[in-house]
Amino acid sequence: MTLDDLATPVELNNPAVRIVSLVPSITEAIALTCPERLVGCTDWCIRPTDIEERAGHTVARVRGTKNPNRDAIAALKPDLVVANREENRQFDVDALREAGLPVWVTSIDGAEEAVSSLARLFGAMGVTEQDWLGRARREWSAPAPGPVLRAVVPIWRDPWMCAGPGTYIADLLRHCGVELVDLPDDGTRYPHVDLEVLRGLGADRIVLPDEPYHFTADDGPEAFPGADVRLVDGQKLAWYGPSMVGARSQLIDAIR
């Protein structure tokens, strides 16, 4: 018996040889670490692109992160289901546990948490730490560059939504010498903010990732005339796991 990131007991057979991942970035981490153990993942698990080739067998798709097919997951008879506090619903986690499935919930709001959380998860699974995890640990422990820039990071438009101060995105940017401007507080981690308000916040940078909304050179920058708008790889900004390797230097180059 061990505890997940929320201190919930998880009865885990070591090693867990049948794993279902409901978190795209953790699916990538498993597929690049112990792919033969992955038996199921969501429709949004797009990396790596050769998941089944790496696994050596069919990897079942179990719908989305917010509407997983719980019956399909149970039918896979997993030794472990991996979820995330923010990406997956507590309702589904509870239902899977009530069905007798062990569920490990991660809680990751920053770079250091990502490294320690994934190290704990793989350790509990009996998997030796991989090179990518050590590289991510070293990369994201380096001092942030200066001077500090102030930014707004929309993640959706119509309605406009932005990354808030307590998010993983905010922490990664902080490691790159970028602080989020103060946003109107609507009680959520990704507040809805009127476009005119965003334009008047005086940010040094408007950072537009290509996911979850696919901002492009033709879709997004035109909303911020006269502003310094930077387009960035959304996976480098929001995915934890192997995508963290090299992400810090890429984000610094793109934003600063």
Would you sort out whether Arg54 and Ile30 count as a side-chain contact (heavy atoms from CB on, under 4.5 Å), showing the intermediate values? CA-CA 10 Å; Arg54 289 175 179 271; Ile30 294 171; over 6 Å; no

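Between the side chain of Arg157 and the backbone N or O of Ala223 there is no donor-acceptor pair closer than 3.5 Å.
Side chain to side chain, Trp239 and Glu211 meet the donor-acceptor criterion of an N or O pair below 3.5 Å. Side-chain contact of Tyr240 with Glu28: a donor-acceptor pair under 3.5 Å is absent, judged by distance alone. Checking Asp218 against Thr216 by side-chain atom types alone, no donor-acceptor pair falls below 3.5 Å. With no hydrogens or angles considered, no side-chain donor-acceptor pair links Thr8 and Trp104 at under 3.5 Å. Counting only N and O atoms by type, the side chains of Thr106 and Asp5 include no donor and acceptor under 3.5 Å apart. Between His175 and Glu112, the side chains place a donor N or O and an acceptor N or O closer than 3.5 Å (distance only, hydrogens not considered).
A 4.5 Å side-chain heavy-atom check between Pro154 and Phe224 finds at least one atom pair inside the cut-off. Side-chain atoms of Val39 and Val20, non-hydrogen and from C-beta on, do get closer than 4.5 Å to each other. The side-chain heavy atoms of Gln130 and Arg135, taken from C-beta on, include no pair separated by under 4.5 Å.
In terms of heavy-atom proximity, His192 sits nearest to Asp186 at N-OD2, 2.9 Å. In this structure, Gly220 and Glu222 approach most closely via the heavy-atom pair N-OE1, 2.8 Å. The minimum heavy-atom distance linking Leu80 with Val82 is given by the pair CD2-CG2, 4.0 Å.
For the side chain to side chain contact (heavy atoms under 4.5 Å, CB included) criterion with Arg205, the lone passing option out of Leu149, Val153, Val178 is Leu149.
Looking at residues two or more places apart in sequence or on another chain, you find a side-chain contact (heavy atoms from CB on, under 4.5 Å) between Arg174 and Ala170, Asp171, Glu179. For the salt bridge (charged side-chain N to carboxylate O under 4.0 Å, His left out) test, residues two or more places apart in sequence or in another chain that qualify with Arg89 are Asp92.
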